[in-house]
Structures are given as structure tokens and as C-alpha cells.
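Each chain gets a letter, A, B and so on, in the order the sequences are listed, and its residues count up from 1.
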2 protein chains.
Amino acid sequence: METTARTRVPRNTLSAELIVASALNLLDQVGVEAFSLRALAKNLGVAPMTLYTYFRGKDELLDAVRDHALGAAALTTAYGGWQHQIRTICRRLRGQILEHPCLTGLLQQRPLAGHESAESAESLLKALVEGGFNAENAARAYTTLLGFVVGVTTLEVRLLEENRDPERREKVRQIMTGLPPERYPTLVEHAGALRQTVGGDTQFEFGLDLVIAGMEQRLILAG
Amino acid sequence: METTARTRVPRNTLSAELIVASALNLLDQVGVEAFSLRALAKNLGVAPMTLYTYFRGKDELLDAVRDHALGAAALTTAYGGWQHQIRTICRRLRGQILEHPCLTGLLQQRPLAGHESAESAESLLKALVEGGFNAENAARAYTTLLGFVVGVTTLEVRLLEENRDPERREKVRQIMTGLPPERYPTLVEHAGALRQTVGGDTQFEFGLDLVIAGMEQRLILAG
DNA sequence: TCGCCGTTCCGTACGCCGTACGGTACAGTG
DNA sequence: CACTGTACCGTACGGCGTACGGAACGGCGA
């Protein structure tokens, strides 16, 4: 991994898939911000410009990584009532983001658009339509679900990162304890609960329950 | 704006507030990715290194911008029942993100932590506690709301950007029309509805209704 | 076997970036 | 008028994405 490639690398030891997989690894380790083609090339034991044989540039590579990382989220089909199907798909989506934290950054700048994400979208929409939503409301519910899952899971990932880094953790603690209680009484009182509850399966399921319960009620009121 | 500062700028024409305001402008125009201290300095008619008199570095400046942009979201207090208060606060938060699209990127890497965001957090938590949620559930509901608002509004901002850029717009259209209908029947059928409904007040209110309805039911079942 | 060619790999270079370091010039104080 | 602290900045370093042209290699027809 560290022996700088002094000699020319043999042909066809590389492939787009291999590059994408290695990029995903690096992205998860260092984050989207610090990721660079040069570092990726070094990891692969290859000159930076070689990557351009397989991708038009950094953007195209990142798109490919996003699709690749998201692809595994849509492996199996969901069964049961529409509520259960939705739960399953959303859980898988969250699981994939947690497994590949760089997805938070990738999805933020490049929302789902490739074939890989189509699988999840299809399943979600299908469950909603089968559940009884008309076209417009199914689309709106889909967007709501997607925004919720990505938004909440992003918060979760950030919190995990914070807790890993003692310095950043201390900084947040100082901000929290430095808040004037007379100005933010509720926030100060619940600061502990906030830090403890954010993240984790329970938090996610709580939100998912809320959204799905709201959907059920909406279905009763008007398809 | 374009005359390169050949002469030394007079003293004290600069201030942290002025820098932050100008940075927010530039960030909204070019996006978090393309933003650079050098470009900001040029806009201000100042040498790049001068910015370091007011901020320790780029990160600290971005934090300040995030707090500044978020600050205006918490100007007035919310009235009415807890549902109405929550609606008001979430709408203001979304409005602020729409007004300053760079917030999507800033919030993604630097979740709310400063005094400015404390105002919103305090109001939201207060409404939830007054509504009857216990400490744990109030915290969970707060995280759900925050994730939902940021997540959905981020999708909205991305769609607006896409629609502004004809090239990117065409690319998305091609992907959508290129999807095999036999594999993604529901998605293909509802593609139009998806593109039309994402974004806009109606979409946001739809999701907000869902979440709040879910909260009301949750309150009935167990505080 | 040899020569050719398309593909894959890469060395170099350019113009950006953030910022460490040290210097310069000015406001305010004595 | 000298002194000092601070606001401003010139220079430079290492790293980035990538345009461009060239080198090396596998495979194929002769």
C-alpha cells in the first residue's frame, strides 16, 4: 500500500469497479472534503492521471461511487403491508448511509439520480401507490420520506463523528454548558436528553413511526 | 468590484460582520464547493491574508457564516398551540435555507451548534414540552423535525438548482426517460408527478402535516 | 517473426487553493 | 516626536484537479 510505484504498473490490473471500490473506502475514511484523486491514485499504486482513463474527472467518479454505495441498499424486495414495506426500505437506506458515511456528503450535492437509486424509489413509490395514495400524494409522501431518512441519518452520522473526536466533542460540550439558562431554559434542561437520544435505532424508528402514522391518517382523510 | 486593490486599503474599513456578510453572498452565488478565501478577499478589495486578522481560518469563517445565516431564522417568538408554534419555526427555518442555499452544505458538515441555532432549538423544544412530550420524546421529536426540515429543504434546493441549469436538467431528463419501464413501472409512471411536486410550499406543508399528525397521535398513545 | 496500432499508463506543467511567516505602515498613546 | 500594538499584506510552500503529449504494452495481420 505504501511502496510508491517506481515502475510502470502492468496493464489491465485496474478497472472502473476497482477504482470505485477503493474510492469508497478512502471517502469513508477521510471524508468527502479531504478526498483527492492523488491520494486515491497513491492507494491504488498508480499515477493520478491514470484514473482519467476510466472517468472523465472527479465528478464522474464521485457519481459512480454514490451509485455504487447506494446500490446495495436495494438488493431484496420488501414484503408485507405498505407500512412494513416502507419501513424495510427506509431502514435499508439508513443502514447503507451508516455503513458509508460519505454518502451524507455525496447525496447532499448529488441527490439520487442514477439507476441504483431507482430501485429504492420504485419500491417506495410502489408501496405508497398500493397503500392507496394517488399520484400526487404518493410523490409528496416519497419526497417526505426521502428527506426525512437522509436528513435524520445525516444528523446521526455527524453525531457519531463528533463522539469519535474528543476535541470536537469537548467543543460542543462547552457550547452547550455555556448557554445562558435564563435565555434558553428548555434547551439547557434538555441538553442531556438531546445528546443521548440523537442517533441510534430507537431515534430513527421514532421518527419513522411519526411519519408513517401521519401517512395513515392522511389516507383516511383523503386518498 | 473588479479594480484590483493596488494600494493598501485604509485601516478599519473591514470588520468580521462585513466579511461574514460578503462571504454569505459569495457562498450563495457560487456554492460551498467553489467558495474560496481568495475570491472573497478580491470581492472585498483586500489581500487574502487580511482575512486571517478576523478569523483563524476558513473553517472558523464558515462557522460564523452558518451562525449568521441561521440567526435571522429565530427573530420572533412563535404563538399559538404547540402545533402552530412548530409549524411557524419549521417554516422559518426552511425559509432561511431557501434564502441562503449554501446553508444546505454548511449544515451538512457543521450541524447546528452555535448560539444562533439555539434560539430555534429552544423554541421547538419548548413547544414540544408544552405540548405534553416527556424529555426523551421531546428530544426525539425535535431531532425528527430538524432532520425532516433540513432533508426535505435540501432536496428542494437541489431541484431548484437543477431547473436553473439547462444542461443538468437535460441530463436528469435523459436518465428518467432511459429507465426501463418493465423494471421500474411505478417510478416511470410517476416520474412526472415526482418532478412536479418536489419543492414548493405545498410539498413542505404536506410533509409537515404528516409529521405533526404523527406527533399528535403519539401524544394520545403515550406522553 | 516483425511491424503496426489502439489502448493503457504516466511525466510534466499550469493555475488554482489554504495558509505559515515575516514585514510594513498606520492610529493612538506618552 | 518616538514608541508600540495592530491591521494590512507580499511571498512562498505544499497540495489540488486536470490538459496535453508521450511512452509502453497487448494483440493482430503479414
(message) So A:T53, base contact, sugar-phosphate only, or nothing? Heavy-atom distance under 4.0 Å.
(response)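 Here A:T53 touches the bases of the nucleic acid.
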
(request) For B:Y142, check ring pair (Phe, Tyr, Trp, His ring centres under 6.0 Å) against everything at least two apart and list the hits. (result)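 Once residues adjacent in sequence are excluded, B:Y142 has no partner under the ring pair (Phe, Tyr, Trp, His ring centres under 6.0 Å) criterion.
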
(request) Tell me which of B:T13 and A:Y52 sits closer to the 5' end of DNA chain D, going by the nucleotide each one is nearest to. (result)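 Whichever sits nearer the 5' end wins; that is B:T13.
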
(message) Please report the interatomic distance CD(B:E33) to CG(A:D59), rounded to the nearest 0.5 Å.
(response)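 Here the interatomic distance stands at 8.5 Å.
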
(request) Could you please name the option among D:dC8, D:dT18, C:dG18 that lies closest to any side-chain atom of A:K58? (result)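 The answer is D:dT18.
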
Between [N] atom [atom2] and [X] atom [atom1], what is the distance in whole Å?
{"X": "B:K42", "N": "C:dC17", "atom1": "NZ", "atom2": "C1'", "answer": "13 Å"}
{"X": "A:L51", "N": "C:dG11", "atom1": "CG", "atom2": "P", "answer": "13 Å"}
{"X": "A:R56", "N": "D:dC20", "atom1": "CZ", "atom2": "C1'", "answer": "17 Å"}
{"X": "B:F35", "N": "D:dC16", "atom1": "CZ", "atom2": "P", "answer": "21 Å"}
{"X": "A:F55", "N": "C:dT8", "atom1": "CZ", "atom2": "P", "answer": "13 Å"}
{"X": "A:E33", "N": "D:dC16", "atom1": "CD", "atom2": "P", "answer": "14 Å"}
{"X": "A:L14", "N": "C:dC10", "atom1": "CG", "atom2": "P", "answer": "9 Å"}
{"X": "A:R38", "N": "C:dC17", "atom1": "CZ", "atom2": "P", "answer": "16 Å"}

(request) Output yes when at least one side-chain N/O atom of A:Y54 is less than 4.0 Å from OP1 or OP2 of C:dC9, else no. (result)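 For A:Y54, the contact criterion (side-chain N or O under 4.0 Å from OP1 or OP2 of C:dC9) is met.
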
(message) Taking only side-chain N and O atoms of A:T50, does any of them lie within less than 4.0 angstrom of OP1 or OP2 on C:dC10?
(response)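 Looking at the OP1 and OP2 atoms of C:dC10, one of them is under 4.0 Å from a side-chain N or O of A:T50.
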
(request) Examine the side chains of A:Y184 and A:E189 and answer whether a donor and an acceptor come within less than 3.5 Å of each other. (result)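 Checked: A:Y184/A:E189 side chains show no N/O donor-acceptor pair below 3.5 Å.
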
(message) If we count only N and O atoms by modelled type, under 3.5 Å, do the side chains of A:T202 and B:R140 hold a donor and an acceptor together?
(response)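 Note: A:T202 and B:R140 side chains miss the donor-acceptor criterion.
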
(message) Show me the pairs that pass side-chain hydrogen bond (donor to acceptor under 3.5 Å, both in side chains) and involve residues 45-55 of chain B, at least two apart or across chains.
(response)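 Every candidate side-chain hydrogen bond (donor to acceptor under 3.5 Å, both in side chains) pair involving residues 45-55 of chain B fails, so no pair, neighbours aside, qualifies.
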
(request) Determine whether more than 12 heavy atoms belonging to other residues, nucleotides or ligands lie under 6.0 Å from atom CZ of A:R169. (result)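 No, not enclosed.
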
(message) Looking at B:T13 and B:P10, would you say the former's side chain and the latter's main chain have a donor-acceptor pair under 3.5 Å?
(response)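 Checking the backbone N and O of B:P10 against the side chain of B:T13, a donor-acceptor pair under 3.5 Å is found.
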
(request) Classify every nucleotide of nucleotides 23-30 of chain C by which part a protein heavy atom approaches to under 4.0 Å, writing B for the base, S for the sugar-phosphate alone and - for neither, in 5'-to-3' order. (result) BBBBS---

